[in-house]
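Convention: sequence-line order gives letters A, B, ...; per-chain numbering from 1.
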Amino acid sequence: MNDFYLKVYAVVQKIPFGKVCTYGDIAEYIGTKGSARTVGYAMNKAASAPFYVPAHRVVNRNGILTGKHHFGSPTHMQELLESEGIQIINNQIQNFEKVRWYPNKK
DNA sequence: CCGATGACTTCTC
DNA sequence: GGAGAAGCCATCG
């Protein structure tokens with residue numbers, strides 16, 4: 001556990017209900033450390049984190065659920081997002097611009 | 001220390 | 001527009 005993970009987790013936990021964020025935005029928000037790829041790696045470890053991390057609200061920059069296979073079942077992530085009012089078609093978030101949330105936006 | 005891996009992004013063909 | 005390659009950086013064996 002290091003600062004990088006803590007920052008990633010902190011940002012993800014700040015994502016409000018019914019909103020989503022991208023790996024690239026998180027990486028950019030954290031700064032020099034990390035890239036979109038390492039943010040995704042942090043999400044992988046988030047499953048083993050001592051606290052809850054809403055990783056289902058983190059998607060790639062196109063709003064596609066690339067990491068859904070890490071939620072146990074391929075449809076679990078989509079179901080979680082849909083239960084929050086986010087519409088998903090073909091693994092892609094609809095109205096992505098509307099539900100997108102930026103870390104620096106508070 | 002080094003090579004392999006990955007929930008990404010971007011460029012090329 | 002789909003497929004492949006390169007760059008990216010932290011983690012693991």
Check your understanding: In whole angstrom, what separates E28(A)'s CD from dT9(B)'s P?
Key -> 12 Å

Point to revise | Distance in Å, W101(A) CH2 paired with T22(A) OG1, rounded so as to fall on 0.5 Å steps | key: 11.0 Å

Practice item. Please state how far atom CG in N62(A) lies from atom P in dG1(C), giving the value in whole angstrom units. Key: 12 Å

Exercise for review: Return yes when atom CD of E84(A) has more than 12 non-hydrogen atoms of other residues, nucleotides or ligands closer than 6.0 Å, and no otherwise.
Suggested key: yes

Review point. Side-chain heavy atoms under 4.5 angstrom apart, residues restricted to Ile, Leu, Val, Met, Phe, Trp, Tyr: same cluster for Y52(A) and I26(A)?
Key: no

Pairs: protein N or O with nucleotides 5-7 of chain B N or O, under 3.5 Å:
from: dG6(B); atom 1: N7; to: R37(A); atom 2: NH2; distance (Å): 3.2
from: dA7(B); atom 1: OP1; to: H70(A); atom 2: NE2; distance (Å): 2.8
from: dA7(B); atom 1: O5'; to: H70(A); atom 2: NE2; distance (Å): 3.1
from: dA7(B); atom 1: N7; to: N44(A); atom 2: N; distance (Å): 2.9
from: dA7(B); atom 1: N6; to: M43(A); atom 2: O; distance (Å): 2.8
from: dA7(B); atom 1: N3; to: Y23(A); atom 2: OH; distance (Å): 3.2

Study note, to complete from the structure: Here the pair of heavy atoms bringing F96(A) nearest to V59(A) is CE1-CG2, 3.9 Å

Check your understanding: Can you name the nearest heavy-atom pair linking M77(A) to V58(A), along with the distance?
Key -> CE-O, 3.5 Å

Review point. How long is the line joining CD1 of I26(A) and C1' of dC9(C), in whole Å?
Key: 15 Å

